[in-house]
Amino acid sequence: MKKRWALVILLGTIAVLVYGMFGSGAWFTSTATSTDNKLTAATLKLEVDGVNSVARTYVLDNIKPGDWALAGQAPLKNVGTLPGKLWFEIVNVTPSDGPLGALVYPKFQQNVAPWTRFGGDKVINLSVGERVDIMELAAGESIPIVAYFSWPQGPNDNSAQGASLTFDVIWHLDQIP
Amino acid sequence: MKKIAVPLFLMVFSLALLSVLPMWSTKALFRDVSKSKISIKAATLSLIIGDNWSRLSKPWADLGEIKPGDSGTVEIAVSNTGSIPGKLCVTELILPPEYLQVKSNDLCDLTIDPEGSVQIVIDWSLPAELHNTGLDGTEFGFSYSVLFENGYKITQKVILNGIIADPTDTPTPTATETVVPTDTQVPPETPENTPTSTATETPTEIIVEPTEIPVETPTPVEISTEVPTEVPSDVPTEIQVEPTVEIPTEPPAPTEKPAEVPDETPVS
């Protein structure tokens, strides 16, 4: 019986203490103001040929069977403050199943040593949406990428005479986790 | 006590888990994209033979009726209407019949620029000697293969045909006459004018030339009255020999017995 009362008293004391702490909010407080604080978020921004979003259009005319033709160079630069992982994908091939896209291989190459080549193992029509990793790009770092198109000679070359196609290359720069 | 503590712990842990999970699932990392547009266009290599494509399924040139001794030239323009230069090579695909002599210009490894063209020149002739070989009414045809390439490969055919005319319909210079001069003796000083088997010369020219040749040379009798050194240089040598043998260099002196000698004997 004594134990029961002792327990009730203990619980009651605890309840009062808890109420006192959380219920009344009666904490000692003190405030100090620090002014002119500035919080700047890091940035990750990719420029292609000095332009963010849509860079210029590269035009390659008169490609023919047996060619290894240069379309142009695109300097890619991470103008942000964070390092990022650079990769690209080909999208919006028009026409999607044209004869030229079935014969021509898109090849991108680092235009400085060690001249690494990226992609190009599939023809344009079959490269759509495929992720091709390039490299990690540090803040402020840039890399010149040249776009080549190779057209190995084959028996169906004449079917693509005069054909044309357009497509987009989406360059991605992702923050490294 | 235990009954309360365990559910309370589970509840607090679940709340904590629920608050952390969204942080991981959103992967709220920075990312940026940029886009390049690429346009590519294939070149064209286009070959036109003549003025259009319509002849490709038909004979390009119909020589019509030709007769022995005829000859002519067919010129065929090959044009590049594509956007890049191409290399041309023309080869005989089907040989012409052996009785028809054909020669064309050599057209291989020849570059034709866009909007440029070259001429295939085909010289043909039907030798006059073939009149007697029974070819009258014979149809003939031959063709050339035209390969044009620069990455692309384009092949086309050029077909020529004709028929050897029936001689009854074409009574022009008889071919039999044209054969004769080739067998006649030709003066050595005019070998370049002798009618040979070159079919480019017309039969009429061949016939005229033999008449100028002194086939009917002066008889030995007429020559005997003159000194042999005066014989024309173009007289065949064998003709010159005969009078020198038969004609005495000096006439015999008159004898004292003219009655025994006939009057005609000194001359013969």
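Note that the structure is a prediction, hence the values are computed from the model and not measured. Order of the sequence lines sets the chain letters (A, B, ...), proteins ahead of strands, with each chain counted from 1.
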A/Phe167 versus chain B, the contacting section by heavy-atom distance below 4.5 Å:
both
For B/Pro85 and B/Asp113, which heavy atoms make the closest approach, and how far apart are they?
CB-OD1, 3.8 Å
Is any side-chain heavy atom of A/Leu60 closer than 4.5 Å to one of B/Ile38?
no
Any idea how A/Trp171 and A/Phe88 line up, ring-wise: parallel (<30°), tilted (30 to 60°), or perpendicular (>60°)?
tilted
Which residue out of A/Thr94, A/Ile170, A/Asp67 racks up the most heavy-atom pairs below 4.5 Å with chain B?
A/Ile170
What part of A/Ile124 gets closer than 4.5 Å to chain B, counting heavy atoms only: side chain, backbone, both or neither?
side chain
Please state whether the side chain, the backbone, both or neither of B/Ile84 comes within less than 4.5 Å of a heavy atom of chain A.
side chain
Please classify the contact between A/Leu82 and chain B as side chain, backbone, both or neither, with a heavy-atom cut-off of under 4.5 Å.
side chain
So, do B/Tyr144 and B/Val102 sit near enough that their side-chain heavy atoms are less than 4.5 Å apart?
yes
Closest heavy-atom pair and its distance - B/Ala77, B/Gln119:
CB-NE2, 3.7 Å
Comparing A/Asn78, A/Asn62, A/Leu76, A/Thr166 against chain B, the one with the most heavy-atom pairs below 4.5 Å turns out to be A/Asn62
Comparing A/Val51, A/Asn158, A/Val48, A/Asp157 against chain B, the one with the most heavy-atom pairs below 4.5 Å turns out to be A/Asn158
Spacing of NE2 belonging to A/His172 relative to CG belonging to B/Asp32, to within rounding of 0.5 Å:
10.5 Å
Can you list the steps and then say if B/Ser46 with B/Thr81 is a side chain to side chain donor-acceptor pair (under 3.5 Å)?
CA-CA 5 Å; B/Ser46 184; B/Thr81 57; 2.9 Å; yes
A/Leu46 versus chain B, the contacting section by heavy-atom distance below 4.5 Å
both
What part of A/Val104 gets closer than 4.5 Å to chain B, counting heavy atoms only: side chain, backbone, both or neither?
side chain
